[in-house]
Amino acid sequence: MGTSLSLLIAAGCLVLFSLKRIPDGQAYTVHRFGRYCRTLPSGVHWILPLVERIAHRVSLTGRALRIEPRALSGIGVHAGVRGTVWYQVLDPERVDREFEHLDDVVLGEVCSALRRLGDSETPMGSSLNDALKHEANGELREHGVVITRFKLQTDATRTGH
């Protein structure tokens, strides 16, 4: 009797730990034996016990990335650029591969966009932000990410030159 009760309690715990509630505005990526298996949207879901695990909890509401001049120095970008980039995950499945370093992916694409625009042709103020947003989103969509807003400025726009 004691053994069957223990097995029943163990089975009940296994079932409870296999149910996952995903909050609104998030998606969870599930890995089976260490490889991507599926993406769970908000709601209550079942994962296979001992076989599947939640790999990443992806916020779909957006993130802010602070850009500092020291982050850009040494990579061929004008070091006087600073500000904030807001981005949002649109496709958690694509983001899963790069989730651990997603900020670095976005920063890298912002730097590439700045280089493509070129320092001499870079517009000032809001037109700089619009041009960068358009340029960077072309590449970031392939990663399942979209930049929703830029608020970058160069030293020249900060000091009024």
Side-chain angles (χ1 to χ4, degrees), residues 17-45 47 52-161:
F17 288 123
S18 298
L19 285 175
K20 300 294 178 190
R21 183 191 164 283
I22 293 97
D24 288 338
Q26 290 194 2
Y28 289 4
T29 59
V30 178
H31 285 199
R32 183 179 294 162
F33 301 119
R35 297 189 115 164
Y36 174 82
C37 173
R38 60 194 163 124
T39 301
L40 303 176
S42 61
V44 177
H45 301 275
I47 64 168
E52 296 179 333
R53 69 174 183 83
I54 302 298
H56 300 116
R57 291 164 173 81
V58 181
S59 173
L60 303 175
T61 57
R63 298 170 73 166
L65 174 61
R66 187 89 181 119
I67 307 287
E68 295 293 335
R70 70 181 178 287
L72 302 176
S73 62
I75 55 177
V77 175
H78 183 264
V81 176
R82 67 176 70 238
T84 306
V85 176
W86 288 268
Y87 67 94
Q88 184 174 4
V89 173
L90 296 179
D91 188 349
E93 182 177 346
R94 286 192 210 164
V95 167
D96 185 64
R97 298 184 302 273
E98 301 162 331
F99 184 78
E100 300 298 329
H101 59 277
L102 191 55
D103 284 350
D104 295 334
V105 170
V106 172
L107 178 61
E109 190 48 49
V110 167
C111 292
S112 295
L114 280 166
R115 279 194 299 272
R116 285 191 300 267
L117 289 175
D119 281 344
S120 61
E121 299 175 22
T122 302
M124 296 299 166
S126 64
S127 56
L128 164 68
N129 294 316
D130 293 340
L132 283 171
K133 180 179 173 181
H134 176 71
E135 187 71 25
N137 275 338
E139 295 294 324
L140 284 173
R141 287 188 199 285
E142 295 176 17
H143 296 276
V145 175
V146 66
I147 292 177
T148 56
R149 184 173 165 219
F150 263 106
K151 187 177 180 186
L152 295 183
Q153 50 187 237
T154 62
D155 284 340
T157 58
R158 266 186 338 135
T159 60
H161 290 74

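Counting begins at 1 with the first residue of the sequence.
Shown here is H101, whose NE2 atom has more than 12 heavy atoms of other residues, nucleotides or ligands within 6.0 Å. Summarising the local packing, OH of Y36 is surrounded by more than 12 heavy atoms from other residues, nucleotides or ligands at distances under 6.0 Å.
The main-chain N or O of W86 is found under 3.5 Å from a side-chain atom of T148 such that the two form a donor-acceptor pair. Checked by atom type and distance alone, the side chain of R116 never pairs as donor or acceptor with a backbone atom of A136 at under 3.5 Å. A distance-only check finds a donor-acceptor pair linking the side chain of R66 to the backbone of G83 [under 3.5 Å]. Looking only at distances, no side-chain donor or acceptor of N137 sits under 3.5 Å from a matching main-chain atom of V146. The main-chain N or O of H56 is found under 3.5 Å from a side-chain atom of T29 such that the two form a donor-acceptor pair.
Between V106 and H143 the shortest side-chain heavy-atom distance does not fall below 4.5 Å. The side-chain heavy atoms of L102 and R63, taken from C-beta on, include a pair separated by under 4.5 Å. Side-chain contact between V89 and Q26: absent, with no pair of heavy atoms (C-beta onward) separated by less than 4.5 Å. Counting only heavy atoms from C-beta outward, the side chains of D96 and H31 approach each other to under 4.5 Å. Residues V85 and L132 form no side-chain contact, since every pair of their non-hydrogen atoms from C-beta on lies 4.5 Å or further apart. T84 is not listed as a side-chain neighbour of I67, based on a closest heavy-atom distance of 4.5 Å or more.
Evaluation of the ring-ring contact (aromatic ring centres under 6.0 Å, His included) rule for Y28 yields no partner, not counting sequence neighbours.
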Practice item. Given side chain to side chain contact (heavy atoms under 4.5 Å, CB included), test F150 with V110 step by step and report yes or no. Key: CA-CA 10 Å; F150 263 106; V110 167; 3.7 Å; yes
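For residues 144-153, no pair satisfies salt bridge (charged side-chain N to carboxylate O under 4.0 Å, His left out), with sequence neighbours left out. Every pair passing salt bridge (charged side-chain N to carboxylate O under 4.0 Å, His left out) that includes a residue from residues 20-32 is listed here, sequence neighbours excluded: R32-E52.
A salt bridge is defined here as a Lys NZ or Arg NE, NH1 or NH2 lying under 4.0 Å from an Asp or Glu carboxylate O, and R115 with E135 fails to meet this definition.
Shown here for V95 and G144, the closest heavy-atom pair between the two residues is CG2-O, 3.8 Å. I47 and R38 get closest at one heavy-atom pair: CA-NH2, 3.7 Å.
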